[in-house]
Amino acid sequence: MSTPSTMTAAIRAVVFDWSGVLTESPLSGLRRYSVELGLPETALDRYIRGDEEFSKVERGELSVRDFLKGVCVRVREEHGVEIEIRRLGAAMVDTRTLRQPMLDLVAELSGRYTLAVLTNNVAENREHLATTLPLDHFAFVLNSADVGVRKPDPLIYRELLRRLDCEASEVVYIDDFAENLPPAADLGMSTIEFTDPENLRIRLAELGI
């Protein structure tokens with residue numbers, strides 16, 4: 001999905017989601033672990049996708065360790081399977097490999113546009129983000145845990161615009177979760193639903209980028 005309403009605007013900033021856009025899908029590690037446990041491939045998705053406890057982690061209201069403890073209990077109660085907290089944690093971070101085609105795109109856009117990252121993330125990932133992302137290309141990383149609000153809450157998109165010091169019509173926002181795009185579009189940003197790097201280049205070209 002891309003929004004066409006601002007295609008004629010002069011784009012000044014391109015904003016990327018982190019997990020699932022700059023990196024591999026955030027659910028792939030959990031799905032591999034779910035299969036190892038003998039569960040359906042998507043059995044562990046629900047503890048991340050749309051889960052209120054994980055939302056608390058992304059708002060900085062709950063530690064990752066406490067969240068993982070809770071998931072271990074819930075999986076045991078709901079599936080009768082014992083899981084190791086360390087293995088579960090490893091499965092969750094087994095998706096943080098950056099996509100090289102996306103790094104190439106970021107390098108191409110750097111210097112021509114203001115680039116930023118808007119991520120629903122946990123406080124414990126600050127150091128990882130700081131040491132793995134090519135931060136010299138990005139003006140900033142806006143992490144939900146640092147501001148206490150997460151996508152798709154409109155407040156985080158307003159904070160994004162404040163930090164960019166741009167009009168909404170001057171911004172393109174890219175995310176792999178479709179539900180995170182409408183609030184940005186409602187503010188006037190161009191939005192692109194990420195599927196793969198090649199398709200993203202096509203969508204960006206349609207916006208004159």
Side-chain angles (χ1 to χ4, degrees), residues 1 15-99 101-102 117-126 128-129 132-133 141-146 148-154 156-157 173-185 191-200:
M1 181 181 83
V15 181
F16 300 86
D17 178 35
W18 178 60
S19 184
V21 175
L22 295 177
T23 75
E24 183 183 355
S25 166
L27 299 174
S28 56
L30 283 174
R31 289 178 177 179
R32 287 191 287 268
Y33 185 40
S34 187
V35 171
E36 288 178 24
L37 292 169
L39 296 174
E41 184 181 40
T42 60
L44 299 180
D45 288 13
R46 64 178 294 267
Y47 303 107
I48 300 294
R49 190 81 187 271
D51 183 75
E52 179 54 29
E53 290 302 295
F54 192 63
S55 294
K56 292 179 182 178
V57 179
E58 292 182 325
R59 292 193 298 263
E61 299 169 1
L62 182 70
S63 73
V64 170
R65 181 166 182 79
D66 286 342
F67 168 74
L68 293 176
K69 287 180 180 178
V71 172
C72 289
V73 171
R74 292 158 69 190
V75 170
R76 182 172 65 247
E77 292 176 347
E78 295 169 15
H79 298 282
V81 174
E82 295 286 344
I83 61 177
E84 299 178 4
I85 190 170
R86 290 184 180 179
R87 183 65 186 85
L88 176 61
M92 287 183 63
V93 301
D94 189 27
T95 59
R96 301 193 301 188
T97 302
L98 292 166
R99 302 177 193 262
M102 293 303 295
V117 174
L118 173 60
T119 175
N120 279 351
N121 222 303
V122 301
E124 290 85 347
N125 268 348
R126 287 192 199 99
H128 176 78
L129 286 165
T132 59
L133 280 176
V141 175
L142 179 51
N143 185 338
S144 62
D146 292 334
V149 62
R150 65 189 293 278
K151 300 175 289 185
D153 191 316
I156 201 165
Y157 303 94
Y173 178 58
I174 304 155
D175 201 303
D176 61 318
F177 283 177
E179 61 264 34
N180 290 334
L181 298 175
T191 61
I192 299 174
E193 182 178 355
F194 179 86
T195 56
D196 59 75
E198 294 76 16
N199 181 263
L200 175 59

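Not measured: the values here are computed from a predicted model.
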Sequence neighbours excluded, the answer for side chain to side chain contact (heavy atoms under 4.5 Å, CB included) partners of A184 is Y157, Y173, M189, T191

Applying salt bridge (charged side-chain N to carboxylate O under 4.0 Å, His left out) to E198 and not counting sequence neighbours gives none

Between the CG atom in L27 and the CZ atom in R46, the distance rounded to the nearest 0.5 Å is 13.5 Å

The side chain to side chain donor-acceptor pair (under 3.5 Å) partners of S144 (sequence neighbours excluded) come to none

Counting C-beta onward and ignoring hydrogens, is there a side-chain heavy-atom pair between L98 and L133 closer than 4.5 Å?
yes

Practice problem: May I have the step-by-step check of salt bridge (charged side-chain N to carboxylate O under 4.0 Å, His left out) for R59 and E52, ending in yes or no? | Solution: CA-CA 10 Å; R59 292 193 298 263; E52 179 54 29; 2.8 Å; yes

Margin query: Using the rule given for side chain to side chain contact (heavy atoms under 4.5 Å, CB included), can you reason through L200 versus M102, listing the C-alpha separation, both sets of side-chain angles and the distance that settles it, and then say yes or no?
Written below: CA-CA 9 Å; L200 175 59; M102 293 303 295; 3.5 Å; yes

Fill in: From CA spacing to verdict: salt bridge (charged side-chain N to carboxylate O under 4.0 Å, His left out), E179, R49
CA-CA 11 Å; E179 61 264 34; R49 190 81 187 271; 2.8 Å; yes

Quick one: does R150's side chain have a donor or acceptor within less than 3.5 Å of a partner on N121's backbone?
no

Correct closest heavy-atom pair for I156 and L142 would be O-CD2, 3.8 Å

Applying salt bridge (charged side-chain N to carboxylate O under 4.0 Å, His left out) to R74 and not counting sequence neighbours gives D51

Across all chains, not counting sequence neighbours, the salt bridge (charged side-chain N to carboxylate O under 4.0 Å, His left out) partners of R31 are D45

Value for CG (N120) from CG (N180), rounded to nearest 0.5 Å, stands at 6.0 Å

For N143 and V122, the nearest pair of non-hydrogen atoms, with its separation, is ND2-O, 3.6 Å

Contacts of D17 meeting side chain to side chain donor-acceptor pair (under 3.5 Å) (sequence neighbours excluded), chain-then-number -> K151

For E124, the salt bridge (charged side-chain N to carboxylate O under 4.0 Å, His left out) test, sequence neighbours excluded, returns none

Residue set satisfying side chain to side chain donor-acceptor pair (under 3.5 Å) with E36, at least two apart, ordered chain then number -> R87

Examine distances only and state if a side-chain atom of R76 and a backbone atom of V81 form a donor-acceptor pair shorter than 3.5 Å. no

Residues 24-56 vs ring-ring contact (aromatic ring centres under 6.0 Å, His included), sequence neighbours excluded, gives F54-F67

Between the CG atom in N199 and the CD atom in E193, the distance rounded to the nearest 0.5 Å is 9.5 Å

Between the OG atom in S25 and the CZ atom in F194, the distance rounded to the nearest 0.5 Å is 10.5 Å

Looking only at heavy atoms, the pair that brings D176 and V21 closest together is N-CG2, 3.6 Å

Distance col, row S34:OG vs R32:CZ, nearest 0.5 angstrom, shows 12.0 Å

Of all heavy-atom pairs linking M92 and I48, the shortest is CE-CD1, 3.5 Å

Sorted by chain and number, sequence neighbours left out, side chain to side chain contact (heavy atoms under 4.5 Å, CB included) with A123 holds for R126, A145

(message) Evaluate R65 against I85 for side chain to side chain contact (heavy atoms under 4.5 Å, CB included), listing each step before the verdict.
(response) CA-CA 8 Å; R65 181 166 182 79; I85 190 170; 3.9 Å; yes

Output for pair (L37 CG, L44 CG), nearest 0.5 Å, gives 6.5 Å

Crowding at CD, E84 (>12 non-hydrogen neighbours, <6.0 Å) = no

- Item | Working for side chain to side chain contact (heavy atoms under 4.5 Å, CB included), residues L30 and T42 | CA-CA 8 Å; L30 283 174; T42 60; over 6 Å; no

The side chain to side chain contact (heavy atoms under 4.5 Å, CB included) partners of P40 (sequence neighbours excluded) come to A43

Contacts of D196 meeting side chain to side chain donor-acceptor pair (under 3.5 Å) (sequence neighbours excluded), chain-then-number -> none

